[in-house]
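Beneath this line is the structure, given in structure tokens, with notes to follow.
Each chain gets a letter, A, B and so on, in the order its sequence line appears, and its residues count up from 1.
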Amino acid sequence: MTPLLDLPTLWAFVIAFAVFAYVVMDGFDLGIGILFPFFEPGPERDSAMNSVAPVWDGNETWLVLGGGGLMATFPLAYAIILPALYAPIIAMVLALIFRGVAFEFRWRDPGHRRYWDVAFTTGSIVATLAQGITLGALLQGIVVEGRSYAGGWWDWLTPFSLLVGVSLVIGYALLGATWLVMKTEGAVQNHSFRLAGKLALGLIACIGLVSAATPFLSGAYYERWFAWPQVLFTAQVPLLVGLCSGALLVSVVRRWEYWPFLLTLGLFALCLLGLGVSMFPYVVPNAVTIHQAAAPPASLQFMLVGASVLIPIILAYTGYSYWVFRGKTGHEGYH
Amino acid sequence: MFDQFDALLLARFQFAFTVSFHFIFPSFSIGLASYLAVLEGLWLWTGREVYLNLFKYWLKIFALAFAMGVVSGIVMSYQFGTNWSVFSDKAGPIIGPLMAYEVMTAFFLEAGFLGIMLFGMGRVGRKLHFAATLAVAVGTFISAFWILSANSWMQTPVGYAVNEAGQFVPQDWWAIIFNPSFPYRLVHTVMAAYLTTALVVGGVGAWHLLRERTNKGARVMFSMAMGMISVVAPLQILAGDMHGLNTLEHQPAKVMAMEGHFKSHPDGAPLILFGIPDQEAGTVRNAIEIPKASSLILKHDLDAPLNGLDTVDRANWPYVPVVFWSFRIMVGLGFAMLGLGMLGLWARFRGRLYDWRPLHWLALAMGPAGFVAVIAGWVTTEVGRQPFTVYGLLKTAASASPLEAPAVAASLLTFIVVYFIVFGAGTGYILKLMGKAPHPGETGPEAGRDPIRTAGITPAPAVSPARTLGAEA
């Protein structure tokens with residue numbers, strides 16, 4: 001007899017929110033890194049980077065909250081998932097190092113700017129791929145014995161996890177392209193519209209493939225999606241994905257400036273919802289539930305006090321910071 | 001069995017390596033953020049151009065140091081899970097919330113206002129920009145508060161219970177946050193950050209004074225830095241002494257290792273100045289000692305008895321040689337800093353602060369001393385806490401992830417290569433910036449102008465150029 005919304009469930013939503021906030025914000029700036037080679041060195045690249053330079057650091061902080069928050073709220077899950085995904089996690093943090101310093105270094109060292117641009121792109125792609133692989137590997141299941149990971153060191157590497165990894169690269173690239181559509185004009189904007197069209201088609205195909213594969217990863221997923229009468233609710237998710245996809249393509253073709261980005265975010269939100277349908281109430285699929293992994297109530301309550309006050313404040317000043325840097329970005333004069 | 005030990009050792013080395021690298025940046029950016037706030041505040045208050053120029057000069061350096069601190073910090077936040085998963089499972093309910101509070105109260109604050117601080121000069125008014133600088137400075141301080149609280153709890157754990165799964169369960173958050181060693185550690189570390197920054201600023205100022213005695217910016221930064229050192233260095237030695245007494249009370253084995261006391265001294269312990277600790281034999285060879293001075297320092301009584309490591313189970317000994325030497329490096333540098341500060345005062349009273357070249361050379365040589373002292377201090381406290389992650393309760397050997405040695409070895413090697421490339425380049429860029437003399441009309445890392453045309457959600461803010469910080473004549 002558990003109440004509908006107890007502490008662990010509430011915290012699962014908060015962590016899911018942090019993950020989504022991370023995807024919303026760092027997604028587009030990682031995407032700009034992924035798309036960097038498609039832009040001409042010089043003004044095009046400079047204005048692409050200028051559009052995120054003042055905010056990327058704040059964006060990435062959501063990743064720290066996601067990781068730190070998971071350790072604080074579901075320490076057992078943190079202790080199982082991170083060793084299981086050792087290689088992709090290490091690859092991700094190393095890639096983020098290269099990408100993060102490129103923001104500063106490329107301006108400081110024009111002689112080696114080409115190399116820091118390569119570091120920016122490679123870092124963005126590897127970090128995204130690693131995040132996607134992490135998600136895919138989590139979804140396909142992790143071997144658990146007692147309170148720790150008991151599988152091999154390459155278990156995460158499967159066609160499915162790679163598919164999710166590539167999908168996320170395409171997805172972030174689309175976020176990046178649609179962000180640039182909003183934040184730039186002229187040649188960069190035209191270029192971004194063209195990229196957005198192709199990437200949108202790619203992402204829709206990927207969502208289709210991942211969605212088709214997921215229910216067959218385990219019987220439990222199949223149950224959750226197709227059991228009667230639940231299917232009446234779960235079927236809404238793919239329906240909405242279809243509507244959202246159609247609207248996205250229309251918005252790109254008609255060259256609307258804001259809708260492509262918002263609709264791409266809509267697609268990401270629906271994918272997260274789909275992920276929730278597949279996994280809930282597990283945090284390590286079919287092995288550890290959120291209630292088994294949850295930290296003691298004293299920890300969850302202590303953080304809830306802070307989170308309920310601080311997260312709205314954070315969102316407020318983050319919004320303010322975006323507001324200060326609103327409008328189209330120029331390519332001159334940074335640094 | 002051997003494999004397990006190997007992976008553990010590699011994981012420890014990886015942690016030590018990544019933390020040492022990371023720690024350099026916050027210990028610089030905590031002090032520098034405050035210094036920037038002071039400079040901007042002085043500029044707003046006095047209207048003197050030189051403060052604005054110095055602000056912009058150091059802001060460029062801050063931007064680089066901060067970026068490197070952020071990226072090396074992300075590594076730390078995930079390393080608990082990848083390499084120390086058993087620790088994460090067991091201590092997560094206590095350490096996790098403290099770190100989550102650090103993220104929510106400090107990281108977001110710093111990151112959120114950093115953009116405005118770096119690029120917002122042409123976009124917000126002076127006061128708002130100053131508020132952003134203050135927010136970043138306060139953020140670095142709050143960050144130090146939480147991270148030191150978490151670290152101190154691991155050194156002096158209180159306010160917990162242990163549940164059937166072996167997890168530490170919080171009982172009293174107030175006791176956990178303000179655990180017995182926390183106040184000392186916080187004061188000692190924050191002052192170390194201020195000293196480190198003052199030494200760097202002083203070193204840079206000295207370098208430019210040596211080349212161009214009349215440079216106004218160099219004079220101001222040298223004077224401010226020397227003033228800071230002369231005030232903070234003696235306070236730091238006092239705080240260090242108090243911290244030591246606190247450690248003696250709560251982690252006696254650490255102090256025994258710092259002092260090199262393998263044997264107990266029932267009637268007054270000598271202060272071992274130098275010597276070669278021999279862990280196996282349990283003795284310090286070739287020791288140069290001052291009789292009874294250790295008892296005097298630690299107990300304020302020449303004849304007070306002091307216990308040695310012979311009263312501690314040998315399995316719980318920290319590795320003495322490392323602790324013994326890192327402690328001497330830290331203390332030695334601390335006294336050298338005190339000396340520099342006193343010489344600076346003397347030169348100031350004689351009116352020779354800007355033309356006494358030996359002082360400038362000394363300040364230049366001492367420029368990096370803060371970093372060395374900070375790392376040495378960190379090694380002293382962390383190696384001295386071994387063999388435990390949570391002191392007296394959870395052994396380091398029982399904290400590690402179930403990893404195979406090759407996996408840890410491969411990641412360690414990658415970390416070393418990446419860190420040397422990235423942070424080597426970054427340090428090079430910082431030194432290049434420091435090599436240029438501060439001059440009127442510094443640009444800072446600012447956007448400079450507003451976008452050419454401000455289409456978009458709203459038009460650009462109508463801030464008149466005269467009101468903005470970034471406006472250039």
Notebook entry, point to check: With distance as the sole criterion, is a donor-acceptor pair present between the side chains of B:Gln79 and B:Trp84 under 3.5 Å?
Noted result: no
Note to self: Please identify, among B:Ile94, B:Leu433, B:Thr414, B:Ile421, the residue contributing the most non-hydrogen atom pairs under 4.5 Å to chain A.
What the structure shows: B:Leu433
Check: Which pairs with one or both residues in residues 411-431 of chain B pass salt bridge (Lys or Arg N to Asp or Glu O under 4.0 Å), sequence neighbours excluded?
Finding: none
Item checked: Heavy-atom contact with chain A under 4.5 Å, split by part of B:Phe108 -> both
Next item on the list: Report yes or no: is the cationic atom of A:Arg108 (NZ for Lys, CZ for Arg) closer than 6.0 Å to the six-membered ring centre of A:Trp116, at no more than 45° off its axis?
Entry: no
Check: When only pairs under 4.5 Å are counted, which of B:Val86, B:Leu109, B:Asn163, B:Val169 shares the most heavy-atom pairs with chain A?
Finding: B:Leu109
Next item on the list: Heavy-atom distances under 4.5 Å only: say whether B:Leu114 touches chain A with side chain, backbone, both or neither.
Entry: side chain
Checklist line | B:Met99, part contacting chain A, at a heavy-atom distance under 4.5 Å | finding: side chain
Check: Which bit of B:Val417 is near chain A, if near means a heavy-atom gap under 4.5 Å: side chain, backbone, both or neither?
Finding: neither
Checklist line | Region of B:Ala132 that comes under 4.5 Å of a non-hydrogen atom in chain A | finding: neither
Note to self: Under 4.5 Å from any heavy atom of chain A, what part of B:Lys432 do you find: side chain, backbone, both or neither?
What the structure shows: side chain
Next item on the list: Under 4.5 Å, counting heavy-atom pairs only, tell me which of B:Val422, B:Val70, B:Leu128 racks up the most with chain A.
Entry: B:Val422
Next item on the list: Below 4.5 Å from any heavy atom of chain A, which atoms of B:Gln167 appear? Answer side chain, backbone, both or neither.
Entry: side chain
Note to self: I need the residue from B:Ala135, B:Ser411, B:Pro406 with the largest number of non-hydrogen atom pairs under 4.5 Å to chain A.
What the structure shows: B:Ser411
Item checked: Salt-bridge criterion met for A:Arg114 and A:Asp109 (N-O under 4.0 Å) -> no
Check: chain A heavy atoms under 4.5 Å from B:Phe113: which part of the residue, side chain, backbone, both or neither?
Finding: side chain
Next item on the list: Please determine which of B:Phe15, B:Tyr419, B:Phe415 meets the ring-ring contact (aromatic ring centres under 6.0 Å, His included) test together with B:Phe21.
Entry: B:Tyr419
Item checked: Under 3.5 Å side-chain donor-acceptor pair for A:Thr184 and A:Gln189 -> no
Check: Among all residues two or more places apart in sequence or in another chain, which pass the side chain to side chain contact (heavy atoms under 4.5 Å, CB included) test with B:Ile430?
Finding: B:Ile61, B:Leu64, B:Ala65, B:Met68, B:Met434
Next item on the list: Please determine, among A:Val55, A:Leu63, A:Ile80, the option with the most heavy-atom pairs under 4.5 Å with chain B.
Entry: A:Leu63
Note to self: Tell me which of these, A:Leu300, A:Leu96, A:Leu94, A:Thr73, has more heavy-atom pairs under 4.5 Å with chain B than the rest.
What the structure shows: A:Leu94
Notebook entry, point to check: Under 4.0 Å between a Lys/Arg side-chain N and an Asp/Glu carboxylate O for A:Glu60 and A:Arg99?
Noted result: yes
Checklist line | Proximal component of B:Tyr78, with respect to chain A [non-hydrogen, under 4.5 Å] | finding: both
Notebook entry, point to check: Are more than 12 heavy atoms from other residues, nucleotides or ligands located less than 6.0 Å from atom CH2 of B:Trp146?
Noted result: yes
